[in-house]
Amino acid sequence: MGGVAHHHLNLLLLPHPAKLKPPTSSSTRTAARRGALCCSLSTDGQPAAAPTMTVSITGATGFVGRRLVQKLLSEDHKVCVLTRSASKATSVFPASTCPGITIAEQGDWDKCIQGSTAVVNLAGMPISTRWSPEIKREIKESRINVTSKVVNYINNARADARPSVFVSATAIGFYGTSEISSFDESSPSGNDYLAEVCREWEARAWQVNQEDVRLVLLRIGVVLGKDGGALAKMIPLFMMFAGGPLGTGRQWFSWIHLDDLVDLIYESLKNPAYKGVINGTAPNPVRLSEMCERLGRVVGRPSWLPVPEFALKAVLGEGASVVLEGQKVLPAKAKQLGFSYRYPYVQDALRAIARDL
């Protein structure tokens with residue numbers, strides 16, 4: 001969840017349309033696309049360097065987006081940040097430290113998308129916040145409107161300039177909540193507010209032209225990292241209440257470490273076997289009581305006094321349902337594809353995060 005749950009490069013402001021380079025020919029573009037998705041051998045029998053991708057990203061200034069940009073730049077790919085605010089994007093990715101980034105405000109998104117190998121859609125207002133009717137509307141519309149806009153730009157691009165991959169974030173809220181059921185990519189949708197948001201969000205992404213574009217829908221769990229997402233809000237509460245479980249503690253907590261999620265997005269960009277719905281969760285979900293006990297150990301707090309529901313609701317309002325009502329979601333597709341997790345167990349993920357606190 002885009003912001004679900006929830007540096008650094010010299011930037012070029014997008015050139016005037018008249019100064020944009022002319023597009024490559026269809027045959028050149030097709031060859032370049034194929035090259036971006038497979039590793040060939042050089043003439044001396046050694047693997048050739050992976051072709052450079054140009055990736056346009058919505059939500060790039062968010063918790064997940066910042067780390068994804070970092071990863072792409074470290075692998076020598078180019079990034080186009082699709083933003084509503086060039087000034088915000090420039091402050092997150094300052095020119096002094098960030099070469100290789102193009103910042104595009106909404107009027108220039110189509111030009112960036114047409115020049116890209118791939119598009120990653122991470123935009124959306126964070127859901128771990130107090131919900132009011134206005135906020136709930138914004139949570140839904142921020143996801144649906146941006147996804148519709150991106151899909152339209154992809155579909156309206158000339159065939160020889162169309163990105164070949166579209167990775168669009170959605171969330172495990174699609175499945176609804178349950179203390180007893182488990183869910184994988186084949187499970188039906190739930191019937192609560194977040195399930196409705198996810199269904200409409202995904203429906204827009206499915207409208208992309210799939211004859212030319214490989215679509216990956218990542219249903220993302222609770223992303224664990226020190227700089228954002230639910231954990232950043234949970235840790236202070238946790239410390240205040242001596243580190244006990246949140247609410248009953250029996251609810252399921254389907255999580256993923258930020259680095260694993262970024263690796264999963266990166267693999268989805270490069271690997272043509274990644275297609276359709278993929279759950280962005282770790283292979284070992286836990287009951288929230290276990291998560292809190294593990295967190296208590298790594299931050300050196302006892303875990304005997306529960307964090308009461310009223311305290312969570314005071315901070316998160318109706319948005320507290322994200323952690324008070326969980327679901328057990330299994331990444332069947334990622335495991336089938338052989339994706340390798342750095343942090344398959346929550347204690348390892350929390351230990352890694354605590355080292356940086």
Side-chain angles (χ1 to χ4, degrees), residues 2-3 6-14 32-33 35-40 42 46-83 88-104 112-113 115-123 163-169 216 218 220 223-229 256-272 274 278 280 282 334 337-344 348-349 352-353 355-357:
H6 2 117
H7 290 199
H8 324 251
L9 333 134
N10 219 2
L11 39 123
L12 301 129
L13 281 167
L14 194 74
R33 270 196 200 160
L37 298 175
C38 39
C39 179
S40 59
S42 62
Q46 296 301 311
T52 298
M53 294 186 289
T54 300
V55 184
S56 286
I57 306 173
T58 68
T61 59
F63 172 46
V64 176
R66 292 193 305 270
R67 188 66 67 91
L68 176 62
V69 169
Q70 211 175 353
K71 166 89 171 174
L72 288 165
L73 292 167
S74 74
E75 301 284 344
D76 296 324
H77 300 294
K78 294 185 174 68
V79 171
C80 183
V81 172
L82 306 179
T83 184
K88 180 181 179 184
T90 303
S91 70
V92 174
F93 305 113
S96 56
T97 51
C98 305
I101 285 196
T102 300
I103 304 282
C112 260
I113 286 171
S116 295
T117 318
V119 179
V120 179
N121 178 31
L122 299 172
S164 56
V165 189
F166 178 39
V167 178
S168 197
V216 182
L218 288 180
I220 299 170
V223 183
L224 300 183
K226 72 179 178 67
D227 295 322
I256 187 168
H257 189 285
L258 176 60
D259 290 345
D260 279 328
L261 176 58
V262 167
D263 286 349
L264 188 62
I265 296 169
Y266 188 66
E267 197 62 28
S268 298
L269 292 172
K270 295 191 307 167
N271 189 335
Y274 285 61
I278 299 175
L337 288 162
F339 179 74
S340 176
Y341 288 87
R342 300 189 205 192
Y343 304 104
D348 298 326
I353 293 163
R355 277 199 300 268
D356 294 332
L357 288 177

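Heavy atoms only: backbone and side chains are in, while hydrogens, waters and symmetry mates are out. We count residues from 1, following the sequence as given.
Ile57 CD1 to Asn121 CG: the interatomic distance, rounded to the nearest 0.5 Å, is 11.0 Å. The distance from the CZ atom of Phe93 to the CZ atom of Arg66 is 8.0 Å, given to the nearest 0.5 Å. Here Ile113 contributes atom CD1 and Thr58 contributes atom OG1; the two are 8.5 Å apart, rounded to the nearest 0.5 Å. Note that the NZ atom of Lys88 and the CD1 atom of Ile103 stand 12.0 Å from one another [nearest 0.5 Å]. Of the inter-residue distances, the one linking Ser168 atom OG with Leu218 atom CG reads 8.5 Å to the nearest 0.5 angstrom. Atoms CE and NZ, from Met53 and Lys270 in turn, are 7.0 Å apart once rounded to the nearest 0.5 Å.
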Check step by step if side chain to side chain contact (heavy atoms under 4.5 Å, CB included) holds for Ile353 and Leu258. CA-CA 10 Å; Ile353 293 163; Leu258 176 60; over 6 Å; no

Check the pair Tyr341, His257 against side chain to side chain contact (heavy atoms under 4.5 Å, CB included), reporting the backbone distance first and the verdict last. CA-CA 9 Å; Tyr341 288 87; His257 189 285; over 6 Å; no

CA sep, side-chain torsions, deciding dist, call: Val64, Ile265, side chain to side chain contact (heavy atoms under 4.5 Å, CB included): CA-CA 10 Å; Val64 176; Ile265 296 169; 4.1 Å; yes

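Not a single donor-acceptor pair under 3.5 Å links the side chain of Asp348 to the backbone N or O of Tyr343.
Summarising the geometry of Thr61 relative to Ala89, their closest heavy-atom pair is CG2-CA, 3.8 Å, with the distance given to 0.1 Å. The two residues Tyr274 and Ser268 make their nearest non-hydrogen contact at CD2-OG, 3.5 Å. The two residues Ser56 and Cys112 make their nearest non-hydrogen contact at OG-O, 3.5 Å. Taking all atoms of both residues into account, the shortest heavy-atom contact from Leu264 to Ala334 is CD1-CB, 4.4 Å. Taking every heavy atom of both residues into account, Thr52 and Thr117 meet most closely at O-OG1, 4.4 Å. Nearest heavy atoms, Gly65 versus Leu122: CA-CD1, 3.7 Å.
No side-chain heavy atom of Thr102 sits under 4.5 Å from any side-chain heavy atom of Val79. Contact annotation: the side chain of Leu72 approaches that of Leu269 to within less than 4.5 Å [non-hydrogen atoms, C-beta and beyond].
Listed by chain and residue number, Asp263 satisfy the side-chain hydrogen bond (donor to acceptor under 3.5 Å, both in side chains) test with Lys71 (two or more places apart in sequence, or in another chain).
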